[in-house]
S.K.: 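Shown below is the structure under consideration.
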Amino acid sequence: MAMTPRERVLAALRKEKLDRPPVAVFTQSATIGQMEKLGVFWPEAHSNPQAMAKLGAGQADILGFEAVRAPFCLTAEAERLGCTVDPGKQDRTPMLKKHPFKFDPMMGEYDAPDLMSPEEFLSSGRPAAVLEGIKLLTEQKGKEYAVVAGNTGPFTLAGHLVSTENLVFGIMMAPEEVEKWVKAVNPLCKAYTQALSDAGADVIQMSEPSASTDLLSPDMFDDFAGCYLKECLASVKDASSILHICGNTTPIINNMIATGVTGLSIEEKVDPKEAVKLVGKRVALIGNVGCVNPLLMGTPEDCFKHGVAVREAGFDVVAPGCGLSALIKNENLMALVKAVKG
């Protein structure tokens, strides 16, 4: 009996033997092409649970991918905690415009991380809207498709509140202040992660872009990101835990695995064959078809070719390497699907 898309994705994350790997978008999945076909658009879908669920199902309903996913940005948590956020446009995700707390290593001036409780955090604002959106997505699509919920990692969220640049400078100049902030946001990240699972998500894909090798050394990663990811993401109950970090993650692959997560989502800056070799069979590997080249800038033929290469390299889930640009054409994404499903 043929597997459903849901069964195939979840079996892949358990590293069970399959007829073929699934193809799905675990990162930001919405595009203008999907919005136009569904009649649902940004920025409404960032905060309206019904619109969020409908657009989150678009990757499966419109393009043929084997999962559904919401939300579509990394600003919900930061906005709830006081950041000023530009809601974005139809073709652009929301952007942080102002950090609410002072963290100045040069002047030695630091606000205390006096944040709301996890219960208050989850009760209102966009996190509450996302939880409702995930519930709807699970009710509407969860029998056939794995439901992926995205959220923000603790180091990245701390940077949103105080400025990522200042937080990274703080590691060298006042590491104890950095530690205070990441420790303060971590209970919120943990509570949100578990709440997404409780809302019905099968997979929690946490993005921690500020912990990339462009900003942190492997040792810094362990001390200021990895130990918190282990506590807030890997500990989630009743859901798989997927860690996504942007850039060339080759130097921290082992560090990422050491957090105890179910799987890793990585970009195309890591050669797919090298990634499979480095990971071995320790965790599931998701990725790593390039979002700019070929998905945005290439042809359907280019996308097909890259999809085949990632599949043949041995990735457990063939997927875009990072969040999709809203400008990626449907035909390019459908070519990626065809490369895997035939």
Side-chain angles (χ1 to χ4, degrees), residues 13 24-30 45-47 49 52-53 55-56 67-81 83 85 93-94 96 115-116 118-138 146-161 164 182 184-212 225-226 228-246 256 259-265 286 319 322-324:
L13 297 180
V25 187
F26 275 33
T27 49
Q28 195 298 103
S29 62
H46 295 303
S47 57
M52 185 185 300
L55 185 55
V68 295
R69 200 265 195 196
F72 315 108
C73 73
L74 298 179
T75 63
E77 301 99 319
E79 183 177 69
R80 177 69 176 131
L81 293 172
C83 289
V85 174
T93 54
L96 295 176
L115 305 177
M116 64 182 68
E119 294 76 17
E120 183 180 0
F121 175 79
L122 297 174
S123 68
S124 186
R126 282 173 58 208
V130 171
L131 291 173
E132 183 59 28
I134 293 296
K135 288 179 183 177
L136 292 172
L137 200 52
T138 301
V147 177
V148 182
N151 64 351
T152 308
F155 187 79
T156 298
L157 180 55
H160 287 171
L161 298 180
T164 299
V182 186
V185 302
N186 205 44
L188 305 180
C189 295
K190 182 176 182 179
Y192 190 33
T193 297
Q194 189 58 55
L196 290 166
S197 173
D198 294 343
D202 302 294
V203 181
I204 312 298
Q205 180 268 303
M206 180 175 279
S207 294
E208 188 69 295
S210 298
S212 77
Y228 301 102
L229 289 163
K230 185 173 185 177
E231 181 180 333
C232 75
L233 176 61
S235 65
V236 65
K237 296 178 177 64
D238 302 318
S240 296
S241 53
I242 307 298
L243 174 60
H244 175 81
I245 297 181
C246 302
M256 293 169 70
T259 63
V261 294
T262 306
L264 308 183
S265 167
I286 297 97
C322 196
L324 298 182

S.K.: At their closest point, which heavy atom of Ala45 faces which heavy atom of Phe72, and how far apart are they?
M.R.: O-CE1, 3.6 Å
S.K.: Is the shortest heavy-atom distance from the side chain of Cys83 to the side chain of Leu161 under 4.5 Å?
M.R.: yes
S.K.: Side chains of Leu115 and Leu188: does their closest heavy-atom pair fall under 4.5 Å?
M.R.: yes
S.K.: Give a yes or no on whether the backbone of Gly153 and the side-chain of Thr156 come within a donor-acceptor separation of less than 3.5 Å.
M.R.: no
S.K.: Do Glu208 and Ser210 have side-chain N/O donor and acceptor atoms under 3.5 Å apart?
M.R.: no
S.K.: With a 4.5 Å cut-off on side-chain heavy atoms, are Val203 and Val147 touching?
M.R.: no
S.K.: What I'd like to find out is whether the side chain of Leu264 reaches to under 4.5 Å of the side chain of Ile242, using heavy atoms alone.
M.R.: no
S.K.: Quick check against the 3.5 Å criterion: does Thr27 have a side-chain atom that pairs as donor or acceptor with the backbone of Cys322?
M.R.: yes
S.K.: For Gln28 and Arg69, run side chain to side chain donor-acceptor pair (under 3.5 Å): C-alpha distance rounded to whole Å, both residues' side-chain angles, the deciding distance at 0.1 Å, then the answer.
M.R.: CA-CA 8 Å; Gln28 195 298 103; Arg69 200 265 195 196; over 6 Å; no
S.K.: Is there a donor in the side chain of Asn151 and an acceptor in the side chain of Thr193, or the other way round, less than 3.5 Å apart?
M.R.: yes
S.K.: Between Val148 and Val68, is the side-chain contact (heavy atoms from CB on, under 4.5 Å) condition met? List the steps.
M.R.: CA-CA 6 Å; Val148 182; Val68 295; over 6 Å; no
S.K.: With a 4.5 Å cut-off on side-chain heavy atoms, are Met52 and Glu132 touching?
M.R.: no
S.K.: For Ile286 and Ala319, which heavy atoms make the closest approach, and how far apart are they?
M.R.: CG2-CB, 3.7 Å
S.K.: To the nearest 0.5 Å, what is the distance between CG on Leu136 and CD1 on Ile134?
M.R.: 9.5 Å
S.K.: Does His244 use its side chain to pair, donor to acceptor, with the backbone of Met206 at less than 3.5 Å?
M.R.: no
S.K.: Indicate yes or no: at least one non-hydrogen side-chain atom of Asn186 is less than 4.5 angstrom from one of Glu231.
M.R.: yes
S.K.: Is any side-chain heavy atom of Ser241 less than 4.5 Å from a side-chain heavy atom of Ile204?
M.R.: no
S.K.: Looking only at heavy atoms, which two atoms of His160 and Thr152 are closest? And how far apart?
M.R.: CE1-CG2, 4.2 Å
S.K.: I would like to know whether Leu196 and Leu131 meet side-chain contact (heavy atoms from CB on, under 4.5 Å); could you show each step before the answer?
M.R.: CA-CA 6 Å; Leu196 290 166; Leu131 291 173; 3.7 Å; yes
S.K.: How far apart are the closest heavy atoms of Ala199 and Thr138, and which atoms are they?
M.R.: O-OG1, 3.8 Å
S.K.: Does Arg80 form a side-chain contact (heavy atoms from CB on, under 4.5 Å) with Ser123? I'd like the steps, not just the answer.
M.R.: CA-CA 10 Å; Arg80 177 69 176 131; Ser123 68; 3.7 Å; yes
S.K.: Looking just at side-chain N and O atoms, do Thr75 and Arg126 make a donor-acceptor pair shorter than 3.5 Å?
M.R.: yes
S.K.: Which heavy atom of Gly150 sits nearest a heavy atom of Pro71, and at what distance?
M.R.: O-CD, 3.3 Å
S.K.: Between Phe155 and Tyr228, is a side-chain contact (heavy atoms from CB on, under 4.5 Å) present by the stated rule, with each step listed?
M.R.: CA-CA 8 Å; Phe155 187 79; Tyr228 301 102; over 6 Å; no
S.K.: Within the structure provided, determine whether Lys135 and Pro49 are in side-chain contact (heavy-atom separation under 4.5 Å).
M.R.: no
S.K.: I need the Leu74 CG to Thr93 OG1 distance, nearest 0.5 Å.
M.R.: 8.0 Å
S.K.: Can you name the nearest heavy-atom pair linking Val85 to Leu96, along with the distance?
M.R.: CG2-CD2, 3.7 Å
